[in-house]
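A short worksheet on the structure shown next.
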Amino acid sequence: MSNDYDLCLRVNGTIHSIAVDVRSSLLDLLRERLHLTGTKKGCDHGLCGACTVSVNGERVVSCLTLAASVDGSDVLTIEGIAGGDALHPLQRAFLECDGFQCGYCTPGQISSAHAMLAEHRRGDLSMATFDGTKDDVLTGCPRLTKVEIRERMAGNICRCGAYANIVEAIESAAQGEPT
């Protein structure tokens, strides 16, 4: 009995039809089968965020996401965020604000921030939203504060401790939205 599952998904705008083992994670599919190695395997337990990608516009930790569960989905990895050879404004902000040190977590940080900015634009709330003014809560927190960024990015770990610069990069990119 075969454990293979035929799936079709769009990754960074390219459609892929591929047979995968039903036990394969999205991370392993991306790295080992599609050779998109920008997404990193950190803890392999969904705790560090190094493997963050977007599936249908929502952030997921790809190490805990079964590849078969995203059949028919749109997946965006770090390789698909930039437009060709030009850096995305978020990537440029990470460079300008020195939002990385060793760089291992950077693809997950940028992928997470990219999806987080979209979540914020559509009015999704976070726990920090409720610490703001009544108007912020009623309008979906139109201002993306440092506290809001930290709360929304809490699932992404930087072992080098570049958090202040990461927050500054995200804040800088958010001021130049849309992303």
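Between atom CG of residue L30 and atom CG of residue L9 there is a gap of 8.0 Å, rounded to the nearest 0.5 Å. Expressed to the nearest 0.5 Å, how far NE2 of H35 lies from OG1 of T37 amounts to 9.5 Å. Here the straight-line distance linking atom CD of E148 with atom OG of S126 works out to 3.5 Å at 0.5 Å rounding. Rounding to the nearest 0.5 Å gives a distance of 7.5 Å between CD of E171 and CG of L144. The distance from atom SG of C158 to atom CD1 of I166, rounded to the nearest 0.5 Å, is 4.5 Å. Taking OG1 from T145 and CZ from R152, the interatomic distance works out to 9.0 Å, rounded to the nearest 0.5 Å.
Legend: salt bridge (charged side-chain N to carboxylate O under 4.0 Å, His left out) pairs involving residues 73-92, not counting sequence neighbours, sorted by first then second residue: R10-D74. Residue pairs meeting the salt bridge (charged side-chain N to carboxylate O under 4.0 Å, His left out) criterion with at least one member in residues 46-64, sequence neighbours excluded, are E58-R122, R59-E119. Counting only residues at least two apart or in different chains, salt bridge (charged side-chain N to carboxylate O under 4.0 Å, His left out) contacts with residues 34-52 comprise D28-K41, K41-D44.
A side-chain donor-acceptor contact under 3.5 Å links T65 to the backbone of V61. With hydrogens and angles disregarded, a donor-acceptor distance shorter than 3.5 Å links the side chain of N156 to the backbone of G49. With hydrogens and angles ignored, the 3.5 Å screen pairs no side-chain donor or acceptor of S111 with any backbone N or O of G108. Checked by atom type and distance alone, the side chain of S112 never pairs as donor or acceptor with a backbone atom of Q109 at under 3.5 Å.
Looking at heavy atoms from C-beta onward, L26 lies out of side-chain contact with L64 at the 4.5 angstrom threshold. Here the side chains of D4 and V22 are not in contact, with every heavy-atom distance at 4.5 Å or above. Here the side chains of F94 and L87 are not in contact, with every heavy-atom distance at 4.5 Å or above. Taking the side chain as every heavy atom from C-beta outward, F100 and N165 never approach each other to under 4.5 Å. Looking at heavy atoms from C-beta onward, Y163 lies in side-chain contact with I157 at the 4.5 angstrom threshold. Residues H120 and D124 fail the side-chain proximity criterion, which asks for heavy atoms closer than 4.5 Å. Here the side chains of L66 and S25 are not in contact, with every heavy-atom distance at 4.5 Å or above.
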